[in-house]
Each structure stands twice: as structure tokens, then as C-alpha cells.
Amino acid sequence: MCVYGSSDPMHYACVPCRVSFKRIVRGDGHRCPNCSRPMVCAGRDFAAPRRRDRKAWSVVGVVLGAGLRYEGFEACGCGREPKFRPRTRAQVRARRIAAARDGVPLAETLGRVEPAEPGRAG
């Protein structure tokens, strides 16, 4: 039986304001209550950094900007083993260098545990 139902809320984040909320998924999206910009769906397994942690939010911005979300292996989240996502600027920097060197999209290298090992997505 699936842990997540279709009406369970997802995490939505506004990176410029450094806030996140759990909201029910709807077709027209959600707007940030602070700045009225569209919020980005961050996935079911997103753990927002503290608001004052600008470095961590910059990493979140890169991950969400690449089109990735914080999800488990299963599409519904039942796998409960979240995929790898970088947590520090150094990890993002290493993956950007590997993406440029190997000629692969940044989103692919951001999901790798080791950026130097092509084809090993986490």
C-alpha cells in the first residue's frame, strides 16, 4: 500500500525569499505569500534549510533550477531512500565542472553521488 496518497501535500519553495510550504498539488501552481512569485515544487522529501543559511539556499536554488526535485526512488515516494542531491556549494561546483568536462547536462551530474563516475546516478 502506498504511503503517499494523491491528495497529500508537496513541498513548494521560494528560493529568493528562502521559504517553503507544504501545499496540495494543483494545476495552476502556488504563489509565494511574500513576493507573489510562482513557487517551485521541491518534492515530497524536501527539507528546507534555515532561512538565514544563504549558502544552503543557493544550493537548493541550483538543484531546483536544474529541474530536479527532492524525491525518493519511487515516483510516489514509497521507496523512502531519497536520491542524492548536493548539500554544499563545493559539491555543486564539482558537479558543474564534471558536467562541463563530460559534456552532459547539469541535472544529470547533480543527481550523481560521485561526479567523476558517469552513468552512476544516485
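Everything quoted here is computed from the prediction, not taken from an experiment.
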For the [atom1] atom of [X] and the [atom2] atom of [Y], what is their distance to the nearest 0.5 Å?
{"X": "Leu106", "Y": "Arg96", "atom1": "CG", "atom2": "CZ", "value": "6.0 Å"}
{"X": "Arg44", "Y": "His11", "atom1": "CZ", "atom2": "NE2", "value": "9.5 Å"}
{"X": "Met10", "Y": "Ile24", "atom1": "CE", "atom2": "CD1", "value": "10.5 Å"}
{"X": "Arg54", "Y": "Arg89", "atom1": "CZ", "atom2": "CZ", "value": "10.5 Å"}
{"X": "Asp102", "Y": "Arg95", "atom1": "CG", "atom2": "CZ", "value": "12.5 Å"}
{"X": "Arg112", "Y": "Arg85", "atom1": "CZ", "atom2": "CZ", "value": "13.0 Å"}

Pairwise ring pair (Phe, Tyr, Trp, His ring centres under 6.0 Å) hits with a residue in [range], at least two apart:
{"range": "residues 15-45", "result": "Tyr12-His30"}
{"range": "residues 90-110", "result": "none"}
{"range": "residues 35-65", "result": "Phe46-Tyr70"}

Where do [X] and [Y] come nearest, in terms of heavy atoms and distance?
{"X": "Pro86", "Y": "Val59", "value": "O-CG1, 3.3 Å"}
{"X": "Ala56", "Y": "Pro49", "value": "CB-CB, 3.6 Å"}
{"X": "Thr109", "Y": "Ala99", "value": "OG1-CB, 3.5 Å"}

Check side chain to side chain contact (heavy atoms under 4.5 Å, CB included) between Arg31 and all other residues, then give those that pass, not counting sequence neighbours. Pro38
Output all residues satisfying side chain to side chain contact (heavy atoms under 4.5 Å, CB included) with Ala107, sequence neighbours left out; order by chain, then residue number. Ala66, Leu68
Under the side chain to side chain contact (heavy atoms under 4.5 Å, CB included) rule, what do Val15 and Val40 come out as? Steps first, then yes or no, please. CA-CA 8 Å; Val15 176; Val40 179; 5.8 Å; no
Under 3.5 Å, side chain of Glu108 to main-chain N/O of Val104, donor-acceptor pair present? no
Is the side chain of Arg69 donor-acceptor paired with the backbone N or O of Val63 at a distance under 3.5 Å, no angle test? no
Applying side chain to side chain contact (heavy atoms under 4.5 Å, CB included) to Asn34 and Cys14, what does each step give before you reach the verdict? CA-CA 9 Å; Asn34 298 335; Cys14 179; over 6 Å; no
Sequence-distant partners of Arg51, side chain to side chain donor-acceptor pair (under 3.5 Å), two or more places apart: none
